[in-house]
Amino acid sequence: MFGFFNRTKIKQWEIDLLEKVFESLNQNYSSFKSQVKEGLLTGVRLYPEDKSNYVGFKYNPGIAEKYLDDTARDYAIKGVQVFDKKQSKYIDFIIHVTHGLICGYSTPESDTPKFDIGKLKVPEVKNVYEENPDFEQIKNLLSGSEHNLLNPSEVYKVELEGKIYYHLKDLEDGDFIGIDDKKRVYQFTHDPYEIKFLSVDLESVLSNN
């Protein structure tokens, strides 16, 4: 068990299983099949404290850049089941996606599964989007076009100088665009530190950054 938690190399069965899963799914998942075949996944990051037994992936940066989509929401692909020889039953194999990239998988029913990748079931696969409570607090302020220019997964609340703002979009060097609860738009810079009010509409700022 100790060795399992400390491994950093991706195992061939993980690659083979992902390829098998995406070959079994429809064309909506073809991008992920290509990511695996082109060698996106180069290693793993393990999180022993995660009760869902999450395994994260390390990337080939050149291939990651090809498929990266900063506007894509984070979600989990659920409904895939693979036979676990240890438990002699099918268990859930949940694939996680961030910014258009396969970022990891989880196996809530086992921390060390031994899969028979020839026994795979995909009866009711669906994408389950992660909820972001900070985004929920401001989404009613946004127009449909503004919503489309944002990744809800990247919205978060930040308190500066005793006031609450909402981070919306990163700029270069750690700077970002945000709003307050009145939808007033600001640019936040850290060197030099400044909260700059922008007398422009939000959609134009998001479109140009």
Side-chain angles (χ1 to χ4, degrees), residues 22 25-36 38 40-41 45 54 56-79 94-106 125-209:
F22 293 122
L25 301 180
N26 61 41
Q27 288 300 308
N28 292 331
Y29 299 91
S30 60
S31 169
F32 303 127
K33 178 181 176 181
S34 298
Q35 290 177 26
V36 178
E38 291 177 26
L40 171 69
L41 311 177
R45 294 184 179 90
Y54 177 75
F57 291 126
K58 299 177 183 178
Y59 297 144
N60 177 316
I63 298 173
E65 185 177 358
K66 176 180 176 181
Y67 290 98
L68 181 67
D69 181 355
D70 286 329
T71 65
R73 293 178 62 186
D74 295 353
Y75 62 92
I77 302 171
K78 295 188 175 183
I94 302 170
I95 301 169
H96 299 269
V97 176
T98 186
H99 295 92
L101 301 171
I102 308 165
C103 64
Y105 69 88
S106 56
V125 171
K126 61 183 178 180
N127 298 342
V128 179
Y129 290 89
E130 297 182 8
E131 293 186 1
N132 179 347
D134 289 340
F135 176 74
E136 293 297 317
Q137 290 183 17
I138 64 162
K139 76 175 183 180
N140 290 335
L141 298 175
L142 305 174
S143 68
S145 54
E146 290 165 347
H147 191 166
N148 292 336
L149 290 167
L150 287 174
N151 181 348
S153 304
E154 294 184 348
V155 175
Y156 58 86
K157 188 186 301 182
V158 56
E159 182 174 349
L160 296 170
E161 300 180 3
K163 181 175 178 177
I164 298 297
Y165 300 93
Y166 293 87
H167 169 287
L168 299 184
K169 196 166 190 177
D170 284 323
L171 303 174
E172 294 181 354
D173 302 323
D175 300 341
F176 65 93
I177 295 296
I179 60 172
D180 61 18
D181 60 2
K182 304 297 184 184
K183 202 181 173 180
R184 291 181 288 243
V185 184
Y186 300 84
Q187 180 172 333
F188 299 80
T189 59
H190 76 285
D191 187 18
Y193 171 74
E194 183 181 10
I195 302 174
K196 182 180 179 181
F197 172 69
L198 303 178
S199 56
V200 293
D201 66 279
L202 178 59
E203 182 174 351
S204 64
V205 174
L206 295 176
S207 298
N208 294 321
N209 290 280

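Below, each value reflects all heavy atoms present in this structure, side chains not excepted, and no hydrogens, waters or symmetry copies.
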Residue pair E38, L40: steps toward the side chain to side chain contact (heavy atoms under 4.5 Å, CB included) verdict: CA-CA 6 Å; E38 291 177 26; L40 171 69; over 6 Å; no

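- Contact check for I77 versus I94: no side-chain heavy atoms found under the 4.5 Å cut-off.
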Chi angles and distances behind the side chain to side chain contact (heavy atoms under 4.5 Å, CB included) call for Q187, I177: CA-CA 5 Å; Q187 180 172 333; I177 295 296; 4.0 Å; yes

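- Side-chain N or O atoms of N132 include one that pairs as donor or acceptor with a backbone N or O of V155 at under 3.5 Å.
- Note: K33 NZ to I102 CD1 = 12.5 Å, rounded to the nearest 0.5 Å.
- Contact check for L25 versus F32: no side-chain heavy atoms found under the 4.5 Å cut-off.
- Side-chain atoms of H147 do not come within 3.5 Å of backbone N or O of K139 as any donor-acceptor pair.
- Between L160 and Y193, the closest side-chain pair of non-hydrogen atoms falls below 4.5 Å.
- Contact record, L142 with F135: CD1-CE1, 3.8 Å, taken as the closest heavy-atom pair.
- The ring-ring contact (aromatic ring centres under 6.0 Å, His included) test with H96 singles out one residue from Y54, Y129, Y105, and that residue is Y54.
- Taking the six-membered ring for Trp and the full ring otherwise, the centers of H190 and F176 sit at least 6.0 Å from each other.
- Counting only distance, with no hydrogens or angles, the side chain of K157 and the backbone of I164 share no donor-acceptor pair below 3.5 Å.
- Across V200 and V205, no two heavy atoms sit closer than the pair CG2-CG2, 3.1 Å.
- Atoms CD and NE2, from E154 and H167 in turn, are 6.5 Å apart once rounded to the nearest 0.5 Å.
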Evaluation steps, side chain to side chain contact (heavy atoms under 4.5 Å, CB included), between Y29 and N127: CA-CA 11 Å; Y29 299 91; N127 298 342; 2.8 Å; yes

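- Rounding to the nearest 0.5 Å gives a distance of 8.5 Å between CG of N148 and OG of S143.
- A donor-acceptor pair is defined here as one N or O able to donate and one able to accept, closer than 3.5 Å; no such pair exists between the side chain of E203 and the backbone of L149.
- Taking CG of L68 as the start and NE2 of H99 as the end, the distance is 7.0 Å to the nearest 0.5 Å.
- The aromatic rings of Y165 and F188 lie perpendicular to each other, with more than 60° between the two planes, well past the 30° mark.
- Within the 4.5 Å cutoff, the side chain of R184 has no heavy atoms near those of the I179 side chain.
- Within 6.0 Å of NZ in K78 there are 12 or fewer heavy atoms belonging to other residues, nucleotides or ligands.
- Of the residues listed (D180, L150, L168), the one engaging I138 in a side-chain contact (heavy atoms from CB on, under 4.5 Å) is L168, and it is the only one.
- Of all non-hydrogen atoms in A72 and G100, the two that sit nearest each other are CB-N, 3.8 Å.
- Side-chain atoms of Q35 never come within 3.5 Å of backbone atoms of Y67 as a donor-acceptor pair (strictly under, hydrogens ignored).
- Within a 6.0 Å radius of NZ in K196, no more than 12 heavy atoms belonging to other residues, nucleotides or ligands are found.
- Two residues are said to be in side-chain contact when any heavy atoms from C-beta on lie closer than 4.5 Å; Y59 and C103 meet this criterion.
- The line from CG of D69 to CG of N151 is 8.0 Å long, rounded to the nearest 0.5 Å.
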